[in-house]
Amino acid sequence: MKKAKLHNGGNIPKSSTGSRSDPRLSNPGKCVGVSKLPEISCTKPKIPSGNSTTASPSGDNFFLRGVIISIIPERVPKARVDLLRKRIGERGGGIVTFHPQGALDETVTHYVVDDSVDAEEALRVFLMKQPDLEALSETLSNVQCLPCKWISGSLMSRTRLDEGGFFLHRQLLDLITRKMTASRKLDCTPPKSAFALFSLAVLATPFACTPKSEPSSMLSVNAGTGGDGSGIKRKWESIAEHASSGYEDSGGAESSDSDEEDSDVDEEFLARVQPGHMPFAAKFVCSYPSSSGRKNVNGHITDQLEKLQNTYKSTGQDFRAMAYGKAIGTVRNAPRITKIEDIKGLRGIGSGIKSKIIEILETGACEKVAAYCMDNEMNKAIELFCGIHGVSSKTALKWASSNLRTLEELPEKVRLNRVQQIGLKHYHDFLERIPRSEVVEIESTVKEAALRLQDGLELITCGSYRRGKPTCGDVDILVTHPDGKSHRNIFAPLLDSLRSSGFITDDLLVADEGSQKKFLGVCLLPNPGAKHRRLDIIVVPYSEFGCALLYFTGSAHFNRSMRSLAHKANMALSHHSLNKNAVRVGKKKVSDGEPLPGMITEKAIFDYLGLKYLEPADRDH
DNA sequence: CAGTAG
DNA sequence: GGGCCTTACTG
DNA sequence: GCCC
């Protein structure tokens, strides 16, 4: 048996290099990963006249060379425009003034609009200059239309940020395509494109920031039941439901009225809508419910794939293992697969896994499994060692390579760190699943001790328990206090209390600094024959409750998906916060962005990302 | 920094 | 050809 | 191994 949890351990980060900047725009200055946010000096610059050049992270002070920018001044404060013009010039870029009327300037390579401008509004502006959609489409396909944060981020990082990371341009082109399609066939309803979904989902986004109005209704969140949320029915809600239902690739199956004029939509409302979320929602598992509860009718297939996944994981091929994980999730979620057509269009299944599935369908087995997941001594030892908490592929391989084969010989022949010693001590207990009934007992024990210390504390058991699984690998208990401060002084006393009663038997990790405090350790119920169980206790400030709850409820795969989605929308999601205006270059973060206030319920986060709320049980991907 | 974890 | 989630601890 |  292996650890069920997905993690990304041992992946050596690839050195992040260049950009995928538009090849049409000649740009000799390469985008280079920026390791640190360079401070932007106000007194700085002036163009160095040939002699000494100040160093920059990119090694190129003129990273905007070849770029001709036109700032569309609508909504951008004049002072800001002037400042940007100056800075752009200092970095080798050209600037042309944007005149609302008159033809489009053909020398322009980049149009920059205010961050709050969405595709609709940008289109309106462009249409004033070029009323012909077809011609406009042609023109815009040769340039970039980007939010202001692209240029400010570029200037800040002294690197030309990858245009591909900003979606406005794609949305704009998509919008134009839609309009063209719509005007061509006036008589029928437009097809439901990915972008149509996007519009709907975005409109459905209340963009809450209505936190204070949220009473402690969320406190009804409780073990097992899950589901917070304001319960306020909005007129968009039904639309949103419509928009993000079912599988991906269901596009075209049904039509919607997405294309109707939204002139009745409040401008200010639109302005709050962040461009850039949902066109890709279908590609993320967090946008639709898992098949929780339903039986996996493709077990014969997932069994084989899981063997490969495990082997890849224990040999350190984590990304490959992860790819199998995604495919397994898709197959498990799908209706019974009996023929090739059944896997057509399923996400995460490419040529490699597809051929294996076909083989399983035809022969009932997969050669690769027999050949690669060999039951030899080495593999068995690696698998055995990977079962130790604190040991993963690297260490397991190292030990197995030096001819170690059993748990017993480990303490004498290798140096175990503290965590591994505890992991070894409870090796067999930790591999046992925990029945829900026992999770409840553990929860009660912790809850009782906590409430003795402080009234009004909220304790919620997350993890697979909250997702409704019949058994759990560990117990994750999240602790907070609605008054925003009474969570502060309970962490250490709570642990002391639980230790002194003999409930907590080991500490794997105690982190008492930072806004969130966490204990990862081991507990034991005072029952005959009780097993040692993995227990995590996390204390968080109320302001971070939503993000923490979301995170510790998982699943791991679901979390990754949601974070990817946020990332694509120029946001950043962590167990602390959902940030907007997060700027990244490749995988590197240039700016954290700003945490959004009010994300104290899970629903607020789903809403802000334009996703339909999913119950914990539906996040079991 | 690599390794492991949530 | 590169990203594939993100933050945090240990040694 | 998948996807862009």
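Each chain gets a letter, A, B and so on, in the order its sequence line appears, and its residues count up from 1.
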Are [X] and [N] close enough that a side-chain N or O sits under 4.0 Å from OP1 or OP2?
X: R584(A); N: dT6(C); result: yes
X: R320(A); N: dC3(D); result: no
X: K354(A); N: dC2(D); result: no

Which whole-number value in Å describes the distance from [X] [atom1] to [N] [atom2]?
X: M322(A); N: dG2(C); atom1: CE; atom2: P; value: 17 Å
X: I353(A); N: dC2(D); atom1: CD1; atom2: P; value: 5 Å
X: D536(A); N: dG6(B); atom1: CG; atom2: C1'; value: 7 Å
X: Q420(A); N: dT4(B); atom1: CD; atom2: P; value: 8 Å
X: K587(A); N: dC4(D); atom1: NZ; atom2: P; value: 18 Å
X: R466(A); N: dG6(B); atom1: CZ; atom2: C1'; value: 16 Å
X: F430(A); N: dA5(B); atom1: CZ; atom2: P; value: 12 Å
X: D474(A); N: dA5(B); atom1: CG; atom2: P; value: 12 Å

Let's see if you can work this out: which of [options] has an atom nearest to the side-chain heavy atoms of [X]?
X: K356(A); options: dG6(B), dG1(D), dG3(B); value: dG1(D)
X: R560(A); options: dG6(B), dC5(C), dC4(D); value: dC5(C)
X: K394(A); options: dA5(B), dT4(B), dC4(C); value: dT4(B)

**Item:** Stepwise side chain to side chain contact (heavy atoms under 4.5 Å, CB included) check, L573(A) with M562(A)
**Value:** CA-CA 8 Å; L573(A) 177 63; M562(A) 208 152 164; 4.0 Å; yes
**Message:** Taking the nucleotide of DNA chain C with the nearest heavy atom to each, does S574(A) or K326(A) sit closer to the 5' end?
**Reply:** K326(A)
**Message:** Could you check, using the six-membered ring where one of them is a Trp, whether Y288(A) and H621(A) have ring centers closer than 6.0 angstrom?
**Reply:** yes
Using a heavy-atom cut-off of 4.0 Å across all strands, would you classify [X] as base, sugar-phosphate, or nothing?
X: Y312(A); result: sugar-phosphate
X: S351(A); result: sugar-phosphate
X: I538(A); result: nothing

**Cationic N near anionic O, under 4.0 Å, E362(A) to K356(A)** = no
**Request:** For S290(A) and D620(A), test the side chains for any donor-to-acceptor distance below 3.5 angstrom and give the result as yes or no.
**Result:** no
**side chain to side chain contact (heavy atoms under 4.5 Å, CB included) partner of E443(A), chosen from T461(A), L535(A), L459(A)** = T461(A)
**Asked** Expressed in whole Å, how much space separates the C1' atoms belonging to dG2(C) and dG3(B)?
**Response** 23 Å
**Request:** For dC4(D) and dC5(C), measure between their P atoms and round to the nearest Å.
**Result:** 14 Å
Could I get a table of every N or O pair under 3.5 Å where one atom is in the protein and the other is in nucleotides 8-11 of chain C?
unit_1, atom_1, unit_2, atom_2, d
dA8(C), OP1, H576(A), NE2, 3.2

**Request:** Would you kindly check if the NZ (Lys) or CZ (Arg) of K368(A) is within the cone defined by 45 degrees around the ring axis of Y372(A) and under 6.0 Å from the six-membered ring centre?
**Result:** yes
**Message:** Given the ring of Y312(A), does R320(A) sit roughly above its face, with NZ or CZ under 6.0 Å from the centre of the six-membered ring and within 45° of the axis?
**Reply:** yes
**Listed partners of F430(A) passing ring-ring contact (aromatic ring centres under 6.0 Å, His included), at least two apart** = H426(A)
